[in-house]
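Notes to accompany the following structure.
Indexing begins at 1, ligand by ligand and atom by atom, following the structure's order.
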Amino acid sequence: MTTQVVFGDAQLSLGDWLADLAVDALIDEADLSPKPGLVDRRGSGAHTDLHLGLMHASALALWPSFKAMAEAAQQRGAIDLALREDVGRIGREGEVEMLRVTGGVNTHRGAIWALGLLSAAAALEPRELAPEQVALRAARLALLNDRAVPVTGDSHGAQVCRLYGVHGAREEAQLGFPAVIQQALPQLARSRAAGAGEQNARLDALLAIMTQLADTCVLYRAGMAGLTRMQSGARAVLAAGGCASLDGRRLLRDLERDMLHLRASPGGAADLLAATLFLDRLQHGLPAQLGSL
Ligand SMILES: CC(C)(COP(=O)(O)OP(=O)(O)OC[C@H]1O[C@@H](n2cnc3c(N)ncnc32)[C@H](O[C@H]2O[C@H](COP(=O)(O)OP(=O)(O)OP(=O)(O)O)[C@@H](O)[C@H]2O)[C@@H]1O)[C@@H](O)C(=O)NCCC(=O)NCCS
Ligand SMILES: Nc1ncnc2[nH]cnc12
């Protein structure tokens, strides 16, 4: 039985719809400008191996993985080890495809993890798509131990988590994406309500994530000095009125200058902004009708 999402006369399977939302979120994140240290429409930020075309190609290449994760969730129908291991296997295959398309560059490793879990979590209960509900189901899935994960312990994230005693991408998901639920979505709503405009509201949401996140990409590239500058700089922009204000824009420019100087790229925060946009669309773009064929 396939759940169909009905938009007027058009019909889409739930897996197609969720994969569309996930890829749209990745492309919107990549395009959003000006983001400090990150790839955007202006350039490659602190990266020498990434550019906007590569981010787009990577996002599009992941569509089948997100669809497959959502379909696995529909088929399994419960948060259990079988589903966790399906999601892990599909995610690893997605990573291989990402690396093939980008010629070996890590564009979206964290995003496959976050958006994969969230796509599966959404597909499990398509009538319960409030951000907190979806994030909680994703957390329960992330807490299960995928026995097929290669136990190398030498990823960049694992190295800096050990060195600095912080939580990385795995724990962010296991805690129910607090940076998204407690920081980014409320900031997105506040900035929209204040009339900041959509682009500035999304930039403010990214900064809200950056105020608190232990972004392991920043830690790996720029150490604790980089992370502290990222967090304090993001707080300063928001305290000055956010990206829609003149003072906020000046402080954003200062933050960008310092992050480029430190080679610091908040890739983890960028992934969580994509997760924010995905959950925001899920809650505001509920399908007109869900039916089962
Ligand atoms: C649980 C996993 C996510 C693995 O996590 P782990 O921490 O062990 O591994 P990393 O390889 O470091 O990947 C984590 C990626 O998550 C993003 N991230 C970082 N901090 C956070 C955070 N606090 N919360 C959430 N997300 C976070 C980040 O991804 C983005 O940055 C990448 C680009 O950065 P860049 O600096 O260019 O790249 P590097 O490769 O580090 O190289 P250098 O250029 O510096 O030399 C980009 O990918 C963004 O997406 C981290 O990279 C999960 O992946 C896992 O379980 N892995 C095991 C295999 C598996 O089963 N996979 C399938 C899972 S469905
Ligand atoms: N816009 C971006 N720039 C650099 N790394 C990223 N990882 C995810 N999105 C990114």
Side-chain angles (χ1 to χ4, degrees), residues 25-52 54-56 58-59 62 65-66 68-69 72 83-96 98-99 102 104-120 138 141-142 145-162 164 166-175 177-180 206 209-210 212-222 226-227 230 259 263-275:
L26 289 179
I27 289 184
D28 285 352
E29 177 277 303
D31 285 349
L32 183 68
S33 310
K35 300 192 297 290
L38 291 161
V39 175
D40 64 18
R41 282 189 179 280
R42 302 164 307 153
S44 297
H47 295 268
T48 50
D49 54 356
L50 291 178
H51 56 80
L52 190 59
L54 210 58
M55 301 304 296
H56 282 197
S58 168
L62 292 173
S65 302
F66 296 131
M69 291 194 222
L83 177 58
R84 173 67 188 88
E85 293 189 342
D86 279 350
V87 167
R89 178 183 46 75
I90 299 164
R92 284 186 290 279
E93 289 164 6
E95 282 183 22
V96 170
M98 169 191 85
L99 294 172
T102 63
V105 182
N106 173 10
T107 38
H108 284 124
R109 186 159 199 239
I112 295 171
W113 168 246
L115 286 173
L117 287 166
L118 291 169
S119 299
L141 198 52
N145 185 29
D146 178 356
R147 292 164 299 179
V149 170
V151 239
T152 57
D154 63 353
S155 67
H156 291 170
Q159 287 175 43
V160 295
C161 286
R162 269 200 308 275
Y164 297 105
V166 296
H167 289 167
R170 183 185 315 279
E171 292 78 11
E172 176 67 20
Q174 291 174 338
L175 290 167
F177 296 100
V180 174
L206 173 67
I209 296 168
M210 290 164 60
Q212 308 250 339
L213 194 74
D215 192 314
T216 60
C217 296
V218 173
L219 279 170
Y220 186 81
R221 286 164 159 249
L227 189 74
M230 175 189 92
M259 293 199 61
R263 270 191 77 249
S265 162
D271 290 335
L272 293 175
L273 176 65

- Can you tell me the protein heavy atom closest to atom 39 (P) of ligand 1 and the distance? His156 ND1, 3.5 Å
- Item | Interfacing atoms of ligand 1 (cut-off 4.0 Å, heavy-atom, Leu272) | 24 (N), 25 (C)
- Message: Among all protein heavy atoms in this structure, tell me which lies nearest to atom 23 (N) of ligand 1, with the distance rounded to 0.1 Å.
- Response: Ala214 O, 2.9 Å
- Relative to the heavy atoms of Cys217, which atoms of ligand 1 are at a distance of less than 4.0 Å? 28 (C), 30 (C), 31 (O), 32 (C), 34 (O), 36 (O), 51 (C), 52 (O)
- Proximal atoms of ligand 1 relative to Thr107 (non-hydrogen, under 4.0 Å): 47 (C), 48 (O), 49 (C), 50 (O)
- Item | Over 12 non-hydrogen atoms of neighbours within 6.0 angstrom of CZ in Arg42 | yes
- Message: In this structure, does ligand 2 have an atom that sits under 4.0 Å from one of the heavy atoms of Leu32?
- Response: no
- Message: Once you restrict to heavy atoms under 4.0 Å, what part of Ser155 touches ligand 1? Side chain, backbone, both or neither.
- Response: side chain
- Task: Show which atoms of ligand 1 fall inside a sub-4.0 Å distance from at least one heavy-atom site of Glu172.
- Result: 24 (N)
- Message: Only heavy atoms of Glu29, strictly under 4.0 Å: list the atoms of ligand 2 that pass.
- Response: 1 (N), 2 (C), 8 (C), 9 (N), 10 (C)
- Looking only at protein heavy atoms, which one is nearest to atom 49 (C) of ligand 1, and how far off is it? Asp271 OD2, 3.1 Å
- Item | Proximal ligand 1 atoms for Gly91, defined as those under 4.0 Å from one of its heavy atoms | 63 (C), 65 (S)
- Query: For ligand 2, which atoms, with element, lie under 4.0 Å from some heavy atom of Ala270?
  - Reply: 8 (C), 9 (N), 10 (C)
- Task: Go through His167 and Gln174 one step at a time and tell me if the side chain to side chain contact (heavy atoms under 4.5 Å, CB included) criterion holds.
- Result: CA-CA 10 Å; His167 289 167; Gln174 291 174 338; over 6 Å; no
- Considering heavy atoms of the protein only, find what lies nearest to atom 36 (O) of ligand 1 and give residue, atom and distance to 0.1 Å. Arg221 NE, 3.0 Å
- Item | Atom indices of ligand 1, in the order listed, that fall short of 4.0 Å to a heavy atom of Arg92 | 59 (C), 60 (C), 61 (O), 62 (N), 63 (C)
